[in-house]
2 protein chains.
Amino acid sequence: MVHSFDIEDDGGAEAAPQGGRIRQRNKARIIAAAEKVFAERGYDGATTAEIAEIAGLAKSNVHYYFGTKEAIYREVVAGIVDLWLKAFGEITAEDDPATAISAYIRQKLLYSRKRPLASRIFATEIIRGAPILRPFLEADLRDWVEDKAKVLAHWAAQGRMDEVSPHHFFFMIWAATQTYADFASQIAAVLGHKRLREADFEEAIATVTAIVLKGCGIRA
Amino acid sequence: MVHSFDIEDDGGAEAAPQGGRIRQRNKARIIAAAEKVFAERGYDGATTAEIAEIAGLAKSNVHYYFGTKEAIYREVVAGIVDLWLKAFGEITAEDDPATAISAYIRQKLLYSRKRPLASRIFATEIIRGAPILRPFLEADLRDWVEDKAKVLAHWAAQGRMDEVSPHHFFFMIWAATQTYADFASQIAAVLGHKRLREADFEEAIATVTAIVLKGCGIRA
DNA sequence: AGAAAAATTGTCCAACTGGTTAGGTTTTGG
DNA sequence: CCAAAACCTAACCAGTTGGACAATTTTTCT
(Lines give C-alpha, C1' and ligand atoms only; values in the text may rest on other atoms or scores of the structure.)
Protein backbone atom coordinates (compact mmCIF):
# COMPACT_ATOMS: atom_id res chain seq x y z
CA MET A 1 0.00 0.00 0.00
CA VAL A 2 2.00 2.94 -1.20
CA HIS A 3 -0.21 5.65 -2.54
CA SER A 4 0.89 8.47 -0.32
CA PHE A 5 3.94 10.49 -1.18
CA ASP A 6 3.38 13.25 1.30
CA ILE A 7 6.54 12.12 2.99
CA GLU A 8 6.33 14.53 5.82
CA ASP A 9 3.42 16.74 5.18
CA ASP A 10 5.17 20.04 5.52
CA GLY A 11 2.19 22.20 6.27
CA GLY A 12 3.11 25.11 4.11
CA ALA A 13 6.38 25.98 5.79
CA GLU A 14 9.65 24.33 4.88
CA ALA A 15 9.67 20.60 5.55
CA ALA A 16 9.39 19.79 9.23
CA PRO A 17 12.68 18.04 9.97
CA GLN A 18 11.37 15.50 12.41
CA GLY A 19 13.62 13.48 14.64
CA GLY A 20 16.74 14.43 16.50
CA ARG A 21 19.81 15.95 14.97
CA ILE A 22 21.63 12.65 14.71
CA ARG A 23 18.67 10.80 13.34
CA GLN A 24 18.20 13.43 10.71
CA ARG A 25 21.79 13.45 9.64
CA ASN A 26 22.08 9.69 9.50
CA LYS A 27 18.86 9.18 7.61
CA ALA A 28 20.01 11.73 5.09
CA ARG A 29 23.36 9.99 4.75
CA ILE A 30 21.69 6.65 4.24
CA ILE A 31 19.32 8.02 1.63
CA ALA A 32 22.17 9.66 -0.23
CA ALA A 33 24.22 6.49 -0.15
CA ALA A 34 21.23 4.41 -1.16
CA GLU A 35 20.56 6.67 -4.12
CA LYS A 36 24.01 6.00 -5.40
CA VAL A 37 23.90 2.27 -4.83
CA PHE A 38 20.41 1.75 -6.21
CA ALA A 39 21.27 3.82 -9.25
CA GLU A 40 24.31 1.86 -10.23
CA ARG A 41 23.34 -1.61 -9.08
CA GLY A 42 19.58 -1.72 -9.39
CA TYR A 43 17.23 -2.74 -6.62
CA ASP A 44 18.30 -6.36 -6.38
CA GLY A 45 21.94 -5.64 -7.00
CA ALA A 46 22.07 -3.16 -4.18
CA THR A 47 23.12 -4.50 -0.79
CA THR A 48 22.39 -2.93 2.54
CA ALA A 49 26.01 -3.59 3.43
CA GLU A 50 27.26 -1.35 0.65
CA ILE A 51 24.75 1.34 1.46
CA ALA A 52 25.94 1.23 5.05
CA GLU A 53 29.58 1.41 4.04
CA ILE A 54 29.08 4.43 1.80
CA ALA A 55 26.98 6.08 4.47
CA GLY A 56 29.77 5.42 6.95
CA LEU A 57 27.66 3.35 9.29
CA ALA A 58 27.42 -0.23 10.42
CA LYS A 59 24.95 -2.35 8.51
CA SER A 60 22.94 -2.99 11.64
CA ASN A 61 22.70 0.72 12.18
CA VAL A 62 21.13 1.13 8.77
CA HIS A 63 18.55 -1.42 9.74
CA TYR A 64 17.98 0.52 12.90
CA TYR A 65 16.79 3.55 10.93
CA PHE A 66 15.07 1.75 8.11
CA GLY A 67 13.63 -1.60 8.94
CA THR A 68 14.07 -3.09 5.52
CA LYS A 69 15.84 -2.56 2.26
CA GLU A 70 12.52 -1.96 0.60
CA ALA A 71 11.77 0.82 3.07
CA ILE A 72 14.98 2.56 2.05
CA TYR A 73 14.07 2.16 -1.59
CA ARG A 74 10.59 3.55 -1.05
CA GLU A 75 11.94 6.63 0.63
CA VAL A 76 14.48 7.19 -2.10
CA VAL A 77 11.76 6.89 -4.71
CA ALA A 78 9.45 9.17 -2.77
CA GLY A 79 12.14 11.83 -2.77
CA ILE A 80 12.54 11.48 -6.50
CA VAL A 81 8.84 11.95 -7.07
CA ASP A 82 9.09 15.15 -5.10
CA LEU A 83 11.73 16.33 -7.51
CA TRP A 84 9.54 15.46 -10.46
CA LEU A 85 6.65 17.39 -9.01
CA LYS A 86 8.82 20.43 -8.49
CA ALA A 87 10.35 20.11 -11.94
CA PHE A 88 6.86 20.09 -13.36
CA GLY A 89 7.02 23.81 -13.29
CA GLU A 90 4.15 26.02 -14.09
CA ILE A 91 2.78 26.00 -17.58
CA THR A 92 -0.39 28.04 -17.76
CA ALA A 93 -2.58 29.30 -20.55
CA GLU A 94 -1.47 32.84 -19.79
CA ASP A 95 2.19 32.05 -20.38
CA ASP A 96 3.91 32.69 -23.63
CA PRO A 97 4.27 29.26 -25.25
CA ALA A 98 7.85 29.72 -26.36
CA THR A 99 8.95 30.97 -22.98
CA ALA A 100 7.10 28.35 -20.97
CA ILE A 101 8.16 25.37 -23.07
CA SER A 102 11.75 26.55 -23.33
CA ALA A 103 11.93 26.95 -19.60
CA TYR A 104 10.42 23.53 -19.06
CA ILE A 105 12.89 21.83 -21.36
CA ARG A 106 15.80 23.64 -19.78
CA GLN A 107 14.63 22.76 -16.31
CA LYS A 108 14.23 19.11 -17.17
CA LEU A 109 17.65 18.94 -18.79
CA LEU A 110 19.37 20.68 -15.91
CA TYR A 111 17.72 18.21 -13.62
CA SER A 112 19.23 15.42 -15.70
CA ARG A 113 22.58 17.06 -15.24
CA LYS A 114 22.34 17.70 -11.54
CA ARG A 115 20.52 14.59 -10.41
CA PRO A 116 21.40 11.83 -12.83
CA LEU A 117 21.22 9.18 -10.13
CA ALA A 118 17.67 10.09 -9.24
CA SER A 119 16.73 10.03 -12.88
CA ARG A 120 18.22 6.58 -13.33
CA ILE A 121 16.42 5.16 -10.35
CA PHE A 122 13.21 6.60 -11.70
CA ALA A 123 13.92 4.99 -15.05
CA THR A 124 14.64 1.53 -13.70
CA GLU A 125 11.59 1.74 -11.49
CA ILE A 126 9.45 2.42 -14.56
CA ILE A 127 11.17 -0.27 -16.60
CA ARG A 128 10.46 -2.78 -13.87
CA GLY A 129 6.80 -1.98 -14.38
CA ALA A 130 6.58 0.79 -11.79
CA PRO A 131 5.60 -1.47 -8.87
CA ILE A 132 6.00 1.41 -6.45
CA LEU A 133 5.22 4.38 -8.63
CA ARG A 134 2.09 3.14 -10.37
CA PRO A 135 -0.30 5.07 -8.12
CA PHE A 136 1.64 8.26 -8.66
CA LEU A 137 1.64 7.80 -12.42
CA GLU A 138 -2.02 6.98 -12.64
CA ALA A 139 -3.14 9.79 -10.40
CA ASP A 140 -0.88 12.81 -10.02
CA LEU A 141 1.04 12.58 -13.25
CA ARG A 142 -2.00 11.76 -15.33
CA ASP A 143 -3.91 14.71 -13.87
CA TRP A 144 -1.00 16.98 -14.56
CA VAL A 145 -0.88 15.95 -18.20
CA GLU A 146 -4.63 16.33 -18.61
CA ASP A 147 -4.35 19.79 -17.19
CA LYS A 148 -1.51 20.77 -19.50
CA ALA A 149 -3.32 19.25 -22.44
CA LYS A 150 -5.93 21.96 -21.98
CA VAL A 151 -3.26 24.61 -22.00
CA LEU A 152 -1.83 23.30 -25.26
CA ALA A 153 -5.31 23.11 -26.78
CA HIS A 154 -5.88 26.70 -25.75
CA TRP A 155 -2.65 27.82 -27.37
CA ALA A 156 -3.49 25.88 -30.51
CA ALA A 157 -6.93 27.49 -30.67
CA GLN A 158 -5.25 30.87 -30.52
CA GLY A 159 -3.02 29.85 -33.39
CA ARG A 160 0.04 30.16 -31.22
CA MET A 161 1.10 26.58 -31.88
CA ASP A 162 0.15 23.59 -34.01
CA GLU A 163 -2.33 21.03 -32.89
CA VAL A 164 -0.23 18.17 -31.64
CA SER A 165 -1.16 15.31 -29.37
CA PRO A 166 -0.41 16.80 -25.95
CA HIS A 167 0.31 13.41 -24.46
CA HIS A 168 2.89 12.45 -27.00
CA PHE A 169 4.25 15.97 -26.91
CA PHE A 170 5.18 15.54 -23.28
CA PHE A 171 6.35 11.97 -23.70
CA MET A 172 8.76 13.29 -26.28
CA ILE A 173 10.08 16.07 -24.07
CA TRP A 174 10.46 13.75 -21.11
CA ALA A 175 12.29 11.23 -23.23
CA ALA A 176 14.55 13.76 -24.89
CA THR A 177 15.54 15.32 -21.60
CA GLN A 178 15.85 12.26 -19.39
CA THR A 179 17.96 10.47 -21.93
CA TYR A 180 20.85 12.73 -20.96
CA ALA A 181 20.79 11.23 -17.48
CA ASP A 182 19.71 7.66 -18.17
CA PHE A 183 21.74 7.07 -21.30
CA ALA A 184 24.63 9.32 -20.36
CA SER A 185 27.16 6.58 -20.90
CA GLN A 186 25.87 5.91 -24.41
CA ILE A 187 25.82 9.57 -25.29
CA ALA A 188 29.29 10.14 -23.89
CA ALA A 189 30.60 7.17 -25.85
CA VAL A 190 29.12 8.42 -29.10
CA LEU A 191 30.42 11.92 -28.49
CA GLY A 192 33.81 10.48 -27.70
CA HIS A 193 33.88 12.04 -24.27
CA LYS A 194 34.65 10.35 -20.99
CA ARG A 195 31.77 12.08 -19.29
CA LEU A 196 29.17 14.58 -20.37
CA ARG A 197 30.28 18.16 -20.02
CA GLU A 198 28.56 21.43 -19.39
CA ALA A 199 28.85 22.26 -23.09
CA ASP A 200 27.16 18.99 -24.07
CA PHE A 201 24.18 19.91 -21.98
CA GLU A 202 24.06 23.40 -23.41
CA GLU A 203 24.04 22.00 -26.91
CA ALA A 204 21.38 19.51 -25.92
CA ILE A 205 19.21 22.28 -24.54
CA ALA A 206 19.67 24.30 -27.71
CA THR A 207 18.94 21.41 -30.06
CA VAL A 208 15.96 19.99 -28.21
CA THR A 209 14.41 23.39 -27.66
CA ALA A 210 14.88 24.41 -31.27
CA ILE A 211 13.40 21.23 -32.71
CA VAL A 212 10.48 21.08 -30.33
CA LEU A 213 9.49 24.73 -30.65
CA LYS A 214 9.79 24.87 -34.40
CA GLY A 215 8.32 21.41 -34.75
CA CYS A 216 5.16 22.53 -33.00
CA GLY A 217 4.94 25.84 -34.77
CA ILE A 218 5.68 27.84 -31.66
CA ARG A 219 7.10 31.24 -32.50
CA ALA A 220 9.15 33.27 -30.09
CA MET B 1 37.02 -9.01 -23.15
CA VAL B 2 33.89 -8.55 -25.13
CA HIS B 3 34.45 -6.53 -28.24
CA SER B 4 33.15 -9.01 -30.76
CA PHE B 5 29.49 -9.28 -31.49
CA ASP B 6 29.74 -11.47 -34.53
CA ILE B 7 28.01 -14.15 -32.55
CA GLU B 8 28.20 -16.77 -35.18
CA ASP B 9 29.81 -15.15 -38.12
CA ASP B 10 27.25 -16.08 -40.69
CA GLY B 11 29.37 -15.78 -43.74
CA GLY B 12 26.92 -13.97 -45.92
CA ALA B 13 24.20 -16.58 -45.91
CA GLU B 14 21.54 -16.75 -43.23
CA ALA B 15 22.90 -17.54 -39.80
CA ALA B 16 24.42 -20.99 -39.59
CA PRO B 17 22.29 -22.78 -36.99
CA GLN B 18 25.07 -24.70 -35.38
CA GLY B 19 24.47 -27.58 -32.99
CA GLY B 20 21.92 -30.35 -33.03
CA ARG B 21 18.20 -29.89 -33.27
CA ILE B 22 17.67 -30.25 -29.55
CA ARG B 23 20.54 -27.99 -28.62
CA GLN B 24 19.24 -25.35 -30.95
CA ARG B 25 15.71 -25.49 -29.64
CA ASN B 26 16.74 -25.44 -25.99
CA LYS B 27 19.22 -22.62 -26.37
CA ALA B 28 16.56 -20.59 -28.11
CA ARG B 29 14.09 -21.33 -25.33
CA ILE B 30 16.58 -20.31 -22.70
CA ILE B 31 17.44 -17.08 -24.48
CA ALA B 32 13.78 -16.23 -24.87
CA ALA B 33 13.08 -16.94 -21.22
CA ALA B 34 16.18 -15.03 -20.15
CA GLU B 35 15.11 -12.01 -22.17
CA LYS B 36 11.89 -11.89 -20.27
CA VAL B 37 13.46 -12.37 -16.87
CA PHE B 38 16.34 -9.96 -17.38
CA ALA B 39 13.94 -7.35 -18.72
CA GLU B 40 11.65 -7.34 -15.74
CA ARG B 41 14.07 -8.14 -12.94
CA GLY B 42 17.36 -6.66 -14.05
CA TYR B 43 20.62 -8.55 -14.16
CA ASP B 44 21.00 -9.12 -10.44
CA GLY B 45 17.33 -9.70 -9.85
CA ALA B 46 17.18 -12.42 -12.46
CA THR B 47 17.72 -15.95 -11.21
CA THR B 48 18.80 -18.89 -13.28
CA ALA B 49 16.08 -20.87 -11.55
CA GLU B 50 13.37 -18.62 -12.94
CA ILE B 51 14.89 -18.61 -16.38
CA ALA B 52 14.92 -22.40 -16.28
CA GLU B 53 11.34 -22.59 -15.12
CA ILE B 54 10.06 -20.32 -17.87
CA ALA B 55 12.15 -22.20 -20.40
CA GLY B 56 10.63 -25.43 -19.14
CA LEU B 57 13.94 -26.98 -18.17
CA ALA B 58 15.75 -27.98 -15.02
CA LYS B 59 18.09 -25.36 -13.66
CA SER B 60 21.04 -27.68 -14.06
CA ASN B 61 20.11 -28.12 -17.68
CA VAL B 62 20.31 -24.41 -18.21
CA HIS B 63 23.82 -24.51 -16.80
CA TYR B 64 24.56 -27.35 -19.16
CA TYR B 65 24.00 -25.11 -22.17
CA PHE B 66 25.30 -21.88 -20.74
CA GLY B 67 28.00 -22.22 -18.15
CA THR B 68 27.12 -19.09 -16.23
CA LYS B 69 24.39 -16.54 -15.80
CA GLU B 70 26.66 -13.94 -17.29
CA ALA B 71 27.09 -16.03 -20.41
CA ILE B 72 23.33 -16.08 -20.88
CA TYR B 73 23.20 -12.34 -20.38
CA ARG B 74 25.96 -11.75 -22.88
CA GLU B 75 24.21 -13.76 -25.51
CA VAL B 76 20.93 -11.98 -24.91
CA VAL B 77 22.68 -8.63 -25.19
CA ALA B 78 24.53 -9.72 -28.33
CA GLY B 79 21.23 -10.56 -29.95
CA ILE B 80 19.88 -7.14 -29.04
CA VAL B 81 22.85 -5.41 -30.61
CA ASP B 82 22.13 -7.33 -33.78
CA LEU B 83 18.65 -5.90 -33.74
CA TRP B 84 19.99 -2.40 -33.27
CA LEU B 85 22.35 -2.78 -36.17
CA LYS B 86 19.55 -3.93 -38.41
CA ALA B 87 17.25 -1.17 -37.19
CA PHE B 88 19.92 1.33 -38.11
CA GLY B 89 18.54 1.26 -41.57
CA GLU B 90 20.11 3.03 -44.46
CA ILE B 91 20.25 6.78 -44.46
CA THR B 92 22.34 8.03 -47.35
CA ALA B 93 23.00 11.39 -48.88
CA GLU B 94 21.04 10.36 -51.96
CA ASP B 95 17.88 9.68 -50.00
CA ASP B 96 15.11 12.17 -49.66
CA PRO B 97 15.45 13.53 -46.11
CA ALA B 98 11.77 13.38 -45.30
CA THR B 99 11.43 9.83 -46.56
CA ALA B 100 14.57 8.54 -44.91
CA ILE B 101 13.99 10.12 -41.51
CA SER B 102 10.32 9.18 -41.46
CA ALA B 103 11.18 5.60 -42.25
CA TYR B 104 13.85 5.56 -39.56
CA ILE B 105 11.52 6.89 -36.90
CA ARG B 106 8.82 4.45 -37.90
CA GLN B 107 11.23 1.55 -37.87
CA LYS B 108 12.54 2.45 -34.43
CA LEU B 109 9.06 2.82 -33.02
CA LEU B 110 7.83 -0.43 -34.46
CA TYR B 111 10.84 -2.07 -32.94
CA SER B 112 9.80 -0.64 -29.58
CA ARG B 113 6.41 -2.16 -30.12
CA LYS B 114 7.55 -5.58 -31.22
CA ARG B 115 10.56 -6.07 -29.01
CA PRO B 116 9.96 -4.10 -25.84
CA LEU B 117 11.85 -6.58 -23.72
CA ALA B 118 14.98 -6.26 -25.80
CA SER B 119 14.73 -2.51 -25.62
CA ARG B 120 14.41 -2.59 -21.86
CA ILE B 121 17.42 -4.82 -21.44
CA PHE B 122 19.36 -2.48 -23.66
CA ALA B 123 18.24 0.43 -21.51
CA THR B 124 19.19 -1.13 -18.20
CA GLU B 125 22.53 -2.17 -19.63
CA ILE B 126 23.23 1.44 -20.57
CA ILE B 127 21.98 2.75 -17.26
CA ARG B 128 24.32 0.39 -15.46
CA GLY B 129 27.13 2.11 -17.31
CA ALA B 130 27.22 -0.26 -20.29
CA PRO B 131 29.74 -2.70 -18.82
CA ILE B 132 29.16 -5.09 -21.69
CA LEU B 133 28.17 -2.74 -24.48
CA ARG B 134 30.82 -0.07 -24.07
CA PRO B 135 32.99 -1.37 -26.92
CA PHE B 136 30.01 -1.48 -29.23
CA LEU B 137 29.01 2.06 -28.33
CA GLU B 138 32.47 3.49 -28.69
CA ALA B 139 33.22 1.78 -31.96
CA ASP B 140 30.30 0.70 -34.15
CA LEU B 141 27.67 3.12 -32.92
CA ARG B 142 30.02 6.07 -32.84
CA ASP B 143 31.16 5.37 -36.39
CA TRP B 144 27.59 5.08 -37.55
CA VAL B 145 26.70 8.46 -36.08
CA GLU B 146 29.78 10.11 -37.55
CA ASP B 147 28.80 8.73 -40.91
CA LYS B 148 25.24 9.96 -40.65
CA ALA B 149 26.45 13.32 -39.43
CA LYS B 150 27.99 13.79 -42.85
CA VAL B 151 24.71 12.95 -44.51
CA LEU B 152 22.88 15.52 -42.42
CA ALA B 153 25.55 18.12 -43.15
CA HIS B 154 25.15 17.38 -46.84
CA TRP B 155 21.41 17.84 -46.67
CA ALA B 156 21.84 21.04 -44.74
CA ALA B 157 24.30 22.37 -47.32
CA GLN B 158 21.70 21.70 -49.98
CA GLY B 159 19.18 23.65 -47.97
CA ARG B 160 17.01 20.58 -47.56
CA MET B 161 17.08 20.82 -43.78
CA ASP B 162 18.28 23.11 -41.01
CA GLU B 163 21.68 22.85 -39.51
CA VAL B 164 21.17 20.95 -36.30
CA SER B 165 23.68 19.09 -34.20
CA PRO B 166 23.58 15.63 -35.78
CA HIS B 167 24.54 13.93 -32.55
CA HIS B 168 21.78 15.45 -30.52
CA PHE B 169 19.41 14.96 -33.41
CA PHE B 170 19.88 11.21 -33.16
CA PHE B 171 19.91 11.19 -29.38
CA MET B 172 16.52 12.81 -29.55
CA ILE B 173 15.12 10.33 -32.03
CA TRP B 174 16.48 7.38 -30.10
CA ALA B 175 15.03 8.74 -26.88
CA ALA B 176 11.66 9.58 -28.36
CA THR B 177 11.27 6.15 -29.92
CA GLN B 178 12.72 3.94 -27.22
CA THR B 179 10.67 5.60 -24.55
CA TYR B 180 7.64 3.74 -25.90
CA ALA B 181 9.29 0.49 -24.92
CA ASP B 182 11.23 1.44 -21.82
CA PHE B 183 8.64 3.71 -20.24
CA ALA B 184 5.62 1.86 -21.58
CA SER B 185 4.11 1.49 -18.13
CA GLN B 186 4.40 5.21 -17.47
CA ILE B 187 2.93 6.09 -20.84
CA ALA B 188 0.10 3.63 -20.47
CA ALA B 189 -0.68 4.99 -17.02
CA VAL B 190 -0.82 8.56 -18.25
CA LEU B 191 -2.96 7.60 -21.22
CA GLY B 192 -5.23 5.69 -18.89
CA HIS B 193 -4.75 2.45 -20.77
CA LYS B 194 -3.85 -0.92 -19.36
CA ARG B 195 -1.33 -1.53 -22.08
CA LEU B 196 -0.18 0.40 -25.10
CA ARG B 197 -2.29 -0.27 -28.18
CA GLU B 198 -1.66 -0.24 -31.87
CA ALA B 199 -3.34 3.15 -32.10
CA ASP B 200 -1.06 4.60 -29.44
CA PHE B 201 1.94 3.66 -31.50
CA GLU B 202 0.43 5.10 -34.65
CA GLU B 203 -0.18 8.37 -32.90
CA ALA B 204 3.32 8.29 -31.52
CA ILE B 205 4.76 7.76 -34.97
CA ALA B 206 2.68 10.61 -36.34
CA THR B 207 3.57 13.04 -33.56
CA VAL B 208 7.26 12.29 -33.37
CA THR B 209 7.67 12.32 -37.13
CA ALA B 210 5.78 15.58 -37.50
CA ILE B 211 7.70 17.39 -34.79
CA VAL B 212 11.10 16.14 -35.85
CA LEU B 213 10.66 16.82 -39.57
CA LYS B 214 9.16 20.26 -39.15
CA GLY B 215 11.51 21.04 -36.30
CA CYS B 216 14.50 20.46 -38.57
CA GLY B 217 13.03 22.23 -41.53
CA ILE B 218 12.68 19.06 -43.55
CA ARG B 219 9.97 19.44 -46.22
CA ALA B 220 8.22 16.49 -47.75
C1' DA C 1 24.41 13.98 38.20
C1' DG C 2 21.70 10.30 36.78
C1' DA C 3 18.05 7.95 34.59
C1' DA C 4 15.65 7.37 30.37
C1' DA C 5 15.90 7.46 25.47
C1' DA C 6 18.42 7.03 21.42
C1' DA C 7 22.13 5.24 18.88
C1' DT C 8 25.63 1.78 17.79
C1' DT C 9 27.57 -2.59 16.79
C1' DG C 10 29.22 -7.62 16.95
C1' DT C 11 27.23 -11.78 16.29
C1' DC C 12 24.22 -14.85 14.51
C1' DC C 13 21.09 -17.19 11.15
C1' DA C 14 17.76 -18.79 7.80
C1' DA C 15 16.90 -18.25 3.04
C1' DC C 16 18.49 -18.06 -1.34
C1' DT C 17 21.72 -18.15 -5.33
C1' DG C 18 24.93 -19.58 -8.84
C1' DG C 19 27.22 -23.35 -9.89
C1' DT C 20 29.10 -28.49 -9.53
C1' DT C 21 28.87 -33.33 -9.86
C1' DA C 22 27.77 -37.87 -10.53
C1' DG C 23 24.88 -40.94 -12.45
C1' DG C 24 21.11 -41.73 -15.40
C1' DT C 25 18.38 -41.52 -20.06
C1' DT C 26 17.81 -40.41 -24.83
C1' DT C 27 19.47 -39.55 -29.40
C1' DT C 28 22.42 -40.34 -33.11
C1' DG C 29 25.19 -42.49 -36.56
C1' DG C 30 27.26 -46.40 -38.45
C1' DC D 1 21.31 -53.05 -33.22
C1' DC D 2 24.72 -50.98 -30.47
C1' DA D 3 28.12 -47.91 -28.76
C1' DA D 4 29.34 -43.21 -28.41
C1' DA D 5 27.78 -38.72 -27.94
C1' DA D 6 24.51 -35.69 -26.34
C1' DC D 7 21.23 -34.60 -23.06
C1' DC D 8 19.00 -34.39 -18.49
C1' DT D 9 18.47 -33.92 -13.47
C1' DA D 10 18.47 -34.88 -8.28
C1' DA D 11 21.31 -33.83 -4.80
C1' DC D 12 24.58 -31.04 -3.04
C1' DC D 13 27.62 -27.06 -1.76
C1' DA D 14 29.84 -22.74 -0.63
C1' DG D 15 29.07 -17.93 -0.58
C1' DT D 16 26.10 -14.06 0.09
C1' DT D 17 22.31 -11.36 1.81
C1' DG D 18 18.62 -9.27 4.50
C1' DG D 19 17.47 -9.08 8.80
C1' DA D 20 17.10 -10.17 14.14
C1' DC D 21 18.91 -9.45 18.61
C1' DA D 22 21.14 -8.45 22.75
C1' DA D 23 24.62 -5.99 24.80
C1' DT D 24 27.00 -1.62 25.04
C1' DT D 25 27.80 3.31 24.44
C1' DT D 26 26.29 7.93 23.72
C1' DT D 27 22.96 11.63 23.99
C1' DT D 28 19.30 14.00 26.05
C1' DC D 29 16.47 15.76 29.55
C1' DT D 30 15.26 16.82 34.20
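Every chain is numbered from 1 and lettered A, B, ... according to where its sequence line falls, protein lines coming before strand lines.
- A search for ring pair (Phe, Tyr, Trp, His ring centres under 6.0 Å) contacts involving B/Tyr180 returns A/His168, not counting sequence neighbours.
- Shown for residues 35-59 of chain A: residues whose heavy atoms fall under 4.0 angstrom of DNA chain C, namely A/Ala58.
- Counting non-hydrogen atoms of other residues, nucleotides and ligands closer than 6.0 Å to CD of B/Glu138 gives a total above 12.
- In this entry the distance linking CG of B/Asn26 with C1' of D/dT9 reads 13 Å, nearest Å.
- The nearest whole Å value for the distance from the NE2 atom in B/His63 to the P atom in D/dC13 is 17 Å.
- Applying the side chain to side chain donor-acceptor pair (under 3.5 Å) rule to A/Glu198 yields the partners A/Arg113; only residues at least two apart in sequence or on another chain are considered.
- In the helix from C/dA1-D/dT30 to C/dG30-D/dC1, the terminal helix axes, each the rotation mapping four pairs' C1' atoms onto the next four within five end pairs, subtend 20°, rounded to 10°.
- Counting heavy atoms of neighbouring residues, nucleotides and ligands inside a 6.0 Å radius, atom CD of B/Glu53 does not exceed 12 of them.
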Q.
As a quick check of understanding, evaluate ring pair (Phe, Tyr, Trp, His ring centres under 6.0 Å) for A/Phe170 and A/Trp144, giving each step before the final call.
A. CA-CA 11 Å; A/Phe170 281 110; A/Trp144 185 88; 5.0 Å; yes
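- Scored by the side-chain contact (heavy atoms from CB on, under 4.5 Å) test, B/Thr68 finds B/Glu70, B/Ala71 as partners (sequence neighbours excluded).
- Here B/Glu203 pairs with A/Ser165 under the side chain to side chain donor-acceptor pair (under 3.5 Å) rule; sequence neighbours left out.
- The side chain of A/Tyr64 places no N or O atom within less than 4.0 Å of a non-bridging phosphate oxygen (OP1 or OP2) of D/dG19.
- Heavy-atom contacts of chain B under 4.0 Å fall on DNA chain C between two terminal nucleotides, which in 5' to 3' order are C/dT17 to C/dT28.
- Under the rule for a side chain to side chain donor-acceptor pair (under 3.5 Å), A/Thr177 has no partner lying at least two apart in sequence or in another chain.
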Q.
One character per nucleotide, please: for nucleotides 23-30 of chain D, 5' to 3', B when the base has a protein heavy atom closer than 4.0 Å, S when only the sugar-phosphate does, - otherwise.
A. ----SS--
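- A side-chain donor from one of B/Gln178 and B/Ser119 sits under 3.5 Å from a side-chain acceptor of the other.
- Residues forming a ring pair (Phe, Tyr, Trp, His ring centres under 6.0 Å) with A/Tyr43 (at least two apart in sequence, or on another chain): A/Phe38, A/Tyr73.
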Q. Could you go step by step and tell me if B/Arg115 and B/Glu35 meet the salt bridge (Lys or Arg N to Asp or Glu O under 4.0 Å) rule?
A. CA-CA 10 Å; B/Arg115 296 295 300 274; B/Glu35 188 172 298; 3.0 Å; yes
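- Listed by chain and number, the residues in a side chain to side chain donor-acceptor pair (under 3.5 Å) with A/Asp95 are A/Thr92 (sequence neighbours excluded).
- Closest contact between the side chain of A/Thr68 and the listed nucleotides D/dA20, D/dT9, D/dG19 involves D/dG19.
- Among pairs with a residue in residues 106-130 of chain B, those fulfilling ring-ring contact (aromatic ring centres under 6.0 Å, His included) read B/Trp84-B/Phe122, at least two apart in sequence or across chains.
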